[in-house]
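Let me begin by presenting the structure, written as structure tokens, before commenting on it.
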Amino acid sequence: MQNAIETIRQHRTYRHFKAGLSLPESDVQTIIDCARQAPSWMNGQHYSIINITDPALRAQIVALQPGNPQIGTCSTYLLFIADLHRAGLASQAFQGSFNAAGEPDSLITAVTDTSLAAQNALVAAESLGYATCFTGGIRLIAPQLIELLGLPANTFPIFGLCIGTPDIEMALKPRLPESSVYAENHYPAEQTLIEDLAQYEQTMSAFGEAREKLPYREKFARYYSNTYAPKNIPLLQQQGWLIKFE
């Protein structure tokens, strides 16, 4: 077992897992215990974790997400759900209006809690010697997951976490220059960011990750030139989120 600092510094994403292997129940429990110990707003723990142990259900998710075949080959697949449903039950018990649940800030709160728990799970899994991969693409199949998993109002699937034994080795991916993501007392200067992005694009091109088909800046230029978020806004509102969104 590695210590936490070494584990975090050595993090890399694996998308190829040895199929047919299972995690010991004790390791799964350790990972869940660590996830549940994450900090949360007002100790609300505004998340749920669903372990997809049914092979048929796992196969359905893989069929819906063909771009993430690692969902089907990893040993354990955990889905992290932003969850205000329990808060709604608590509100109901004391005749609360629960009006704030529809505010954008409530979505931020739940997604933050969910992300903190998921990161704890990832660090725990990697400390135990396993490889991991987050799958954010499940938001693209949120309507189907809500039905498949029986998700109640005021919940929403945020991402999944693949855990298992890697089938290939992955190099440690370079990160953006520190000066573009860390500063003291003031946001980084615009020119610093422009120069850092250009430098990092060269670094990533030299790194030569096979799955990256575009230069770093062009990738985001294309991605953020399209509007993706509104596709889920009606579904979020149907689930009780962003009701006051304008």
Side-chain angles (χ1 to χ4, degrees), residues 1-41 43 45 47-53 68-81 111-138 158-185 188 192-193 196-197 199-212 216:
M1 182 183 296
Q2 297 185 96
N3 67 50
I5 291 176
E6 183 63 21
T7 296
I8 293 168
R9 283 178 168 170
Q10 291 300 312
H11 167 72
R12 61 206 72 187
T13 293
Y14 290 85
R15 293 179 175 83
H16 301 274
F17 296 90
K18 292 182 179 178
L21 300 180
S22 299
L23 266 63
E25 289 187 15
S26 59
D27 284 355
V28 174
Q29 189 62 58
T30 296
I31 292 166
I32 298 303
D33 288 346
C34 289
R36 293 178 56 231
Q37 202 59 35
S40 67
W41 176 254
N43 193 31
Q45 302 160 67
Y47 60 85
S48 289
I49 307 168
I50 300 178
N51 188 353
I52 307 301
T53 58
N68 285 310
Q70 66 271 26
I71 293 173
T73 57
C74 65
S75 300
T76 295
Y77 187 58
L78 303 176
L79 283 172
F80 286 82
I81 314 298
V111 170
T112 300
D113 278 10
T114 306
S115 300
L116 292 171
Q119 182 64 15
N120 266 24
L122 179 143
V123 173
E126 293 185 1
S127 295
L128 291 169
Y130 298 111
T132 64
C133 175
F134 278 128
T135 56
I138 67 161
I158 302 301
F159 40 64
L161 176 61
C162 297
I163 305 171
T165 302
D167 202 21
I168 61 173
E169 189 50 58
M170 296 293 290
L172 194 64
K173 187 181 296 185
R175 291 315 198 210
L176 281 162
E178 184 177 293
S179 55
S180 63
V181 298
Y182 173 74
E184 293 185 15
N185 305 316
T192 297
L193 297 178
D196 282 353
L197 285 167
Q199 175 190 331
Y200 187 63
E201 183 173 288
Q202 294 179 357
T203 299
M204 287 304 298
S205 295
F207 181 69
E209 187 174 22
R211 68 191 300 268
E212 294 289 358
Y216 185 79

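Computation of the quantities below employed the complete heavy-atom set of this structure, encompassing side-chain atoms and omitting hydrogens, waters and symmetry-equivalent molecules. As the structure is a prediction and not an experimental result, all values here were calculated from the model. All residue numbers in this chain count up from 1 along the given sequence.
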Just one of Leu79, Thr114, Ile81 clears the side-chain contact (heavy atoms from CB on, under 4.5 Å) bar with Ile158, so which one? Thr114
Would you say that His11 contacts Thr13 through its side chain, given a criterion of any heavy-atom pair below 4.5 Å between the two side chains? yes
Met204 side chain reached by Lys173 side chain, heavy atoms, under 4.5 Å: yes
What pair of heavy atoms forms the shortest contact from Tyr200 to Pro174, and how long is it? OH-O, 2.6 Å
Within a strict 4.5 Å, meaning less than it, do heavy atoms of the Leu128 and Ile163 side chains meet? no
Any chance you could lay out the side-chain contact (heavy atoms from CB on, under 4.5 Å) test for Phe159 and Ser115, step after step, and finish with the verdict? CA-CA 9 Å; Phe159 40 64; Ser115 300; 3.9 Å; yes
When you measure from the side chain of Arg12 to the backbone of Gln10, do you find a donor-acceptor pair of N or O atoms at a distance under 3.5 Å? yes
Does the Asp113 side chain pair with the main chain of Trp41, one donor and one acceptor, at a distance under 3.5 Å? yes
Once rounded to the nearest 0.5 Å, what's the spacing between atom OG1 of Thr135 and atom CZ of Arg15? 10.0 Å
Backbone of Asn43 reached by a side-chain donor or acceptor of Gln45 within 3.5 Å: yes
Shortest non-hydrogen contact between Gly160 and Tyr77, atoms and distance: CA-OH, 3.5 Å
Any idea which heavy atoms bring Tyr47 and Arg36 closest together, and the distance? OH-CA, 3.1 Å
Counting only N and O atoms by type, is there a donor-acceptor contact under 3.5 Å from the side chain of Asp196 to the main-chain atoms of Ser180? yes
Is the closest side-chain donor-acceptor distance between Thr7 and Glu126 under 3.5 Å? no
Flag if over 12 foreign heavy atoms under 6.0 Å of CD1, Ile5: no
Would the number of heavy atoms belonging to other residues, nucleotides or ligands and lying under 6.0 Å from CD of Glu169 be above 12? yes
Closest contact, heavy atoms only, Ala121 versus Phe80: CB-CZ, 3.9 Å
Just list the side-chain donor-acceptor pairs under 3.5 Å for residues 17-29, sequence neighbours left out, or say none.
{"unit_1": "Asp27", "atom_1": "OD2", "unit_2": "Tyr130", "atom_2": "OH", "d": "2.5"}
{"unit_1": "Gln29", "atom_1": "NE2", "unit_2": "Asp33", "atom_2": "OD1", "d": "2.9"}

Side chains of Leu161 and Ile49: closer than 4.5 Å at any heavy-atom pair? no
Pairwise side-chain contact, Phe134 with Gln119, heavy-atom cut-off 4.5 Å (strictly under): yes
Between atom CG of Leu78 and atom CD1 of Ile52, what is the distance when rounded to the nearest 0.5 Å? 8.5 Å
Using a 3.5 Å distance criterion without hydrogens, assess whether the side chain of Ser75 forms a donor-acceptor pair with backbone atoms of Gly164. no
Of Ile71, Thr73, Thr132, the residue whose pairing with Cys162 passes side-chain contact (heavy atoms from CB on, under 4.5 Å): Ile71
Within a radius of less than 6.0 Å around CD of Glu209, do more than 12 heavy atoms belonging to other residues, nucleotides or ligands occur? yes
